[in-house]
Amino acid sequence: MLFLSYLISGISLGSIYAIIALGYTMVYGIAKMLNFAHGDVIMVGGYICFFACSYYGLHPLVGIVMAMVVCTVLGILIDRFAYKPLRQAPALAVLITAIGMSYFLQNSAQLLWGSGSRVFSSVIGKGSFSFFDGQLTINYLTVVTIVVCIVIMVGLVWFINQTKRGKAMRACSEDKGAAQLMGINVDNTISLTFAIGSALAAIAGVLLCSAYPLLNPTTGMMPGIKAFTAAVFGGIGSIPGALVGGLLLGIIEIFAKAYLSTQFSDAIVFAVLIIVLLVKPTGLLGKKINEKV
Amino acid sequence: MAMLEVENINVYYGSIHAIKGVGFHVNEGEIISLIGANGAGKTTILQTISGLLRSKTGSVKFMGQDISHVPAHKIVGLGLAQVPEGRRVFLQMSVAENLELGAYTQGKAGMEDTLTMIYDRFPRLKERRKQMAGTLSGGEQQMLAMGRAMMSHPKMLMLDEPSMGLAPILVEEIFDLIKMLNEGGTTILLVEQNAQMALSIADRGYVLETGSIVTSAAAKDLLNDDSVRKAYLGG
């Protein structure tokens with residue numbers, strides 16, 4: 001029963017990683033860059049929701065929507081001012097800019113909101129479901145997190161595969177030049193990708209802070225790195241890969257904490273990543289398509 | 001009036017001067033061939049017309065409008081489509097999705113008719129409409145690339161090396177299609193290394209050498225021109 005309980009915790013944590021990993025993987029798929037500031041957008045989302053709910057006493061849903069709106073705008077602005085001027089620049093320059101943007105967001109948060117930790121009160125009411133005469137309890141937040149992750153995945157897969165803008169996104173991710181010849185505005189498509197990724201980061205931020213209630217300017221860093229790992233683990237650029245990578249990472253992390261060592265859990269997680277990449281360098285679901293000439 | 005008028009364009013890749021003061025025109029209803037060896041700058045010219053590259057000087061006019069500063073994604077909407085070199089179909093998308101993207105700037109209306117027309121012309125594409133474009137053969141991909149460009153109902157179609165890497169029988173088929181499109185009213189600008197084929201269906205031709213146009217004449221005169229024969233037609 002304990003095993004089942006750990007597994008559910010793992011899936012829940014993994015769901016958060018998956019939601020964050022989606023942002024990494026979508027931006028990578030289209031802009032071919034690693035947006036290392038993505039983790040810090042999570043933190044901004046957490047703060048916005050914190051101030052809206054705990055400070056101004058607004059309804060949690062209003063707080064979540066506000067966090068999504070602010071993060072969406074932030075994501076678009078980050079792309080517009082930091083990355084867009086570097087579209088033709090070497091990948092290394094963009095990577096360094098992304099790291100710089102990450103520190104910029106952390107330090108701005110420190111200036112604006114102080115470096116001390118705030119206690120985030122969960123947006124989901126306390127309480128839990130009980131199974132097997134109380135041997136297994138699953139709290140509401142866990143259920144909500146998993147459901148939100150499923151809804152996001154289904155929605156995103158539908159958007160990417162069925163809508164005109166979604167198809168334009170896939171076209172841009174494969175060949176920007178050919179996409180332009182079709183009449184697709186590549187810059188707008190990249191902005192849209194940053195917008196979606198950042199809105200998801202806001203949701204992830206709120207869920208994360210609800211589960212681990214200490215919020216400070218570096219809150220986004222570790223989950224950001226873990227989600228990036230999850231994206232690579234699943235095959236960066238692949239949306240199903242982000243889900244699989246995120247869930248596996250969450251499960252491995254919880255199991256490592258439960259059965260092996262709390263201190264070494266992160267090391268174990270990254271060791272698994274290294275092993276997977278040694279065996280399959282493109283990640284679990286990543287694939288290499290041979291082009292016909 | 002010329003449908004497409006290119007005047008004195010100069011295109012650079014960094015410090016390399018790839019296109020040196022090129023100018024030419026295409027009249028409505030014509031098939032024009034731009035021939036030249038590998039690296040002469042043929043693809044660069046087409047990419048400049050489509051807005052993927054920019055010229056430092058001069059102008060590109062399409063139907064009287066200067067398009068040299070129009071963003072690339074707005075050009076297809078004006079009625080100027082390109083089938084790029086190497087086909088560049090979206091390999092990880094289905095055949096049907098590729099065609100749908102060809103009509104990205106068009107409304108839903110009329111899309112069905114064009115689609116039916118393309119599927120009638122290329123039954124193979126219809127059979128494989130749900131398959132990923134990456135699973136098609138080279139010839140089928142070329143058909144798809146052309147069908148995709150036709151989906152935007154272009155007034156003028158630019159084709160970049162449509163015969164590249166294809167079996168002779170497929171090359172015939174592609175050129176038949178180009179003629180058919182032209183007879184249907186589409187103006188054609190054809191870039192080819194296969195000069196013999198290209199000139200055989202063209203009205204006029206331009207010969208490009210290391211970034212400059214060295215000869216221009218009626219296609220049949222170029223076919224009989226000694227220096228052109230030596231350089232591009234195998235004697």
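The structure displayed is predicted, hence computed values, not measured ones. Letters go in sequence order (proteins before strands), and every chain restarts at 1.
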From A/R170 CZ over to B/Q92 CD, what is the distance, rounded to the nearest 0.5 angstrom? 9.0 Å
B/A72 versus chain A, heavy atoms under 4.5 Å apart: side chain, backbone, both or neither? both
Are the side chain of A/E174 and the backbone of B/L91 linked by a donor-acceptor contact shorter than 3.5 Å? yes
Tell me the closest heavy-atom pair linking B/Q106 and A/K164, and the distance in Å. O-NZ, 4.1 Å
Check each atom of B/V89 against the heavy atoms of chain A and say whether the ones under 4.5 Å are side chain, backbone, both or neither. backbone
State which residues pass side-chain hydrogen bond (donor to acceptor under 3.5 Å, both in side chains) with B/Q131; sequence neighbours excluded, sorted by chain then number. B/T135
B/N182: which residues meet the side-chain hydrogen bond (donor to acceptor under 3.5 Å, both in side chains) condition with it, sequence neighbours left out? none
For a quick test of reading the model, state the closest non-hydrogen atom pair linking A/A171 to B/F90 and the distance between them. O-CE2, 3.5 Å
From B/R88 atom CZ to A/K176 atom NZ, the distance as rounded to the nearest 0.5 Å: 11.0 Å
Can you list the residues of residues 32-63 of chain B that sit under 4.5 Å from chain A, counting heavy atoms only? B/S50, B/L52
Tell me the residues of residues 179-193 of chain A whose non-hydrogen atoms fall below 4.5 Å from those of chain B, in number order. A/A179, A/Q180, A/L181, A/M182, A/G183, A/I184, A/N185
Is it the backbone or the side chain of B/E97 that comes under 4.5 Å from a heavy atom of chain A, or both, or neither? side chain
